[in-house]
Amino acid sequence: MSTDSNEETNQNESSANAPVFSTRIGSISAKIFKNASNGKTFYNTKIIGQYQDEKGDWKDKTSYSQMELLAVLEVGERAKKFLARLQPK
């Protein structure tokens with residue numbers, strides 16, 4: 001598993017369609033998006049992997065090798081911790 005890129009960011013919530021949180025380990029990232037419906041706010045998390053195809057174009061993927069699963073678990077845990085901080089105490 002590659003952990004050469006280990007980033008975590010909180011974004012300005014006013015940006016349309018921008019994630020409010022993102023984190024990355026290697027080619028695996030988690031992004032959290034804020035949504036509202038019927039006067040209620042909720043958050044969705046998207047976990048994706050990226051790879052380059054034979055033409056060199058970047059593509060998203062949602063299935064992972066055994067080695068990538070550790071990164072999936074870690075970015076998921078980071079997302080979970082971010083969401084826990086948003087919960088009222």
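Please read all numbers here as calculations on a predicted model, not as lab measurements. For this chain, numbers begin at 1 and follow the sequence in order.
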Are [X] and [Y] packed together at the side-chain level, in the sense that at least one heavy-atom pair is separated by less than 4.5 angstrom?
X	Y	result
K34	T41	yes
K46	F33	yes
T45	L83	yes
V72	I47	yes
S29	I48	yes

Could you please spell out the steps behind the side chain to side chain contact (heavy atoms under 4.5 Å, CB included) verdict for I25 and R78? CA-CA 11 Å; I25 298 175; R78 291 176 186 179; 3.6 Å; yes
Shared hydrophobic cluster, L73 / Y64 (ILVMFWY, side-chain heavy atoms < 4.5 Å): no
Quick check: does any side chain N or O of N38 sit under 3.5 Å from a backbone N or O of K40, one acting as donor and the other as acceptor? no
Please check: side-chain N/O of E68 versus main-chain N/O of S65, any donor-acceptor pairing under 3.5 Å? yes
Would you find more than 12 non-hydrogen atoms of other residues, nucleotides or ligands less than 6.0 Å from K80 atom NZ? no
For Q66, look at atom CD and say whether over 12 heavy atoms of other residues, nucleotides or ligands are found less than 6.0 Å away. no
Which heavy atom of I28 sits nearest to which heavy atom of A71, and what is that distance? CG1-CB, 3.8 Å
If you apply the rule side chain to side chain contact (heavy atoms under 4.5 Å, CB included), what do you find for Y51 with S27, and how did you get there? CA-CA 7 Å; Y51 69 96; S27 64; over 6 Å; no
Distance from Q50 atom CD to K59 atom NZ, nearest 0.5 Å? 11.5 Å
Assess the residue pair F82 and V20 against the criterion (side chain to side chain contact (heavy atoms under 4.5 Å, CB included)); give the C-alpha distance rounded to whole Å, side-chain angles, the decisive distance to 0.1 Å, and a yes or no. CA-CA 10 Å; F82 175 81; V20 295; 3.9 Å; yes
If you measure from the Lys or Arg side-chain nitrogens to the Asp or Glu carboxylate oxygens, is any gap between E74 and R24 under 4.0 Å? no
Name all residues meeting the side-chain hydrogen bond (donor to acceptor under 3.5 Å, both in side chains) criterion together with N35; count only those two or more places apart in sequence or in a different chain, and write none if there are none. none
